[in-house]
Amino acid sequence: MRVTIRLFARLRDLAGSGELTREIPGPATVHTVWRSLTTEIPSLGEYERTLSVAINAEYSRMAAAVNDGDEVAFLPPVSGG
Amino acid sequence: MALVAVTRDKLNIDALTSELAGHATGDGAVATFAGLVRNSNQGRAVHFLEYEAYEPLAVRALARILDEARDLWPGARLAVHHRIGRLEIGESSVVIVAASPHRGDAFSACRYAIERVKQIVPIWKHEHFEGGDVWLEGATADPEDEAAKQNAYRIACA
């Protein structure tokens, strides 16, 4: 299946892009997408324990199922305000 | 004017205050908060900040904060606008207005909102300082984290 991966802040800098499109073998979870991403870009791995994730701009969990066409976002710790 | 917004435009706390509280005759109190870009951070001389957001989720997270505050202080009403893009020293990055019949709820709802903004809204500061730049990272955003929510409530009611 095809997923759009969104990366923000330092994750975007480390990946060199804020938006990637990747083919992921299904069935997949957010964690499957993350594992595929960190295999490609190992430096992202340091965020494994502090990430938040979202599917289609709604907060989600690593174990949540991902469907074809979904936008999966990986968010480093936030610092708004 | 929307009650929640993530915008590249300069923030206007007076306009937001008028929007929220200008017509409701039951209000006896308005509390406002503006977060400003400071010229120093952790010993670094800050030149400017660049804010980045995951905009659709940030707007939803702000709306969620308004819902939470409505449950906690049913008489209070809130508006929260957050700016993104490049901000110079002294500019407002976030403005919050809370209106209610009595001052206690207005102060509490306003304080609760800024604490929750810092916990769960997907916005990031990129600090440009004398000699370099750094992404600031605070809280792992988890809106379902009851301990974080309780902490914000405790601070709001202190």
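Reminder, nothing fancy here: chain letters follow the sequence lines and each chain counts from 1. Values reported hereafter were calculated over all heavy atoms of this structure, with side chains retained and with hydrogens, waters and symmetry mates removed. What you see is a predicted model, and the numbers here were worked out from it, not measured in a lab.
- Using a 4.5 Å heavy-atom threshold, the side chains of B:Pro122 and A:Tyr59 count as touching.
- When atom types are taken as modelled, the side chain of B:Trp135 and the backbone of A:Leu11 share no donor-acceptor pair closer than 3.5 angstrom.
- Within the 4.5 angstrom heavy-atom criterion, only backbone atoms of B:Gln119 (N, CA, C, O) approach chain A.
- Residues B:Val117 and A:Val78 form no side-chain contact, since every pair of their non-hydrogen atoms from C-beta on lies 4.5 Å or further apart.
- The two residues A:Gly81 and B:Tyr51 make their nearest non-hydrogen contact at O-OH, 2.8 Å.
- At a threshold of 4.5 Å between side-chain heavy atoms, the hydrophobic network of Ile, Leu, Val, Met, Phe, Trp and Tyr places B:Ile114 and B:Tyr112 in two separate groups.
- The neighbour count for B:Phe48 CZ, taken as heavy atoms of other residues, nucleotides or ligands under 6.0 Å away, is above 12.
- B:Leu62 and B:Leu78 fall within the same hydrophobic cluster, where Ile, Leu, Val, Met, Phe, Trp and Tyr residues are linked whenever their side-chain heavy atoms come under 4.5 Å apart, directly or through other members.
- B:Trp73 and B:Leu66 end up in different hydrophobic clusters when Ile, Leu, Val, Met, Phe, Trp and Tyr side chains are linked at under 4.5 Å.
- Interface remark: of the candidates A:Ala73, A:Gly18, A:Pro77, A:Ala54, A:Pro77 forms the most heavy-atom pairs closer than 4.5 Å to chain B.
- In this structure, the portions of A:Ala9 lying under 4.5 Å from any heavy atom of chain B include both its backbone and its side chain.
- More than 12 heavy atoms of other residues, nucleotides or ligands shown are found within 6.0 angstrom of CZ on B:Phe129.
- Neither the backbone nor the side chain of B:Ala58 comes within contact range of chain A; no heavy atoms are under 4.5 Å apart.
- Within the 3.5 Å criterion, the main-chain N or O of A:Leu51 finds no donor-acceptor partner in the side chain of B:Thr140.
- Of all the heavy atoms in A:Glu58 and B:Leu57, the pair that sits closest is CA-CD1, 4.0 Å.
- Hydrophobic cluster membership differs between B:Val59 and A:Leu75, with clusters built from Ile, Leu, Val, Met, Phe, Trp and Tyr side chains linked at under 4.5 angstrom.
- By the 30° and 60° cut-offs, the orientation of the rings of A:Phe8 relative to B:Trp124 is parallel.
- Interatomic distance, CZ of A:Arg10 versus CG of B:Leu136, reported as 12.0 Å (0.5 Å rounding).
- For residues 87-105 of chain B, a heavy-atom distance under 4.5 Å to chain A picks out B:Ser93, B:Val94, given by residue number.
- Looking at A:Asn56, only its backbone comes within 4.5 Å of chain B, counting heavy atoms on both sides.
- The side-chain heavy atoms of B:Glu137 and A:Pro76, taken from C-beta on, include a pair separated by under 4.5 Å.
- By the rule that hydrophobic residues join a cluster once side-chain heavy atoms approach within less than 4.5 Å of another member, B:Leu16 and B:Ile65 end up as members of one cluster.
- Side-chain atoms of A:Ser79 come within 3.5 Å of backbone N or O of B:Lys125 as a donor-acceptor pair.
- Contact record, B:Asp142 with A:Arg61: OD1-NH2, 3.2 Å, taken as the closest heavy-atom pair.
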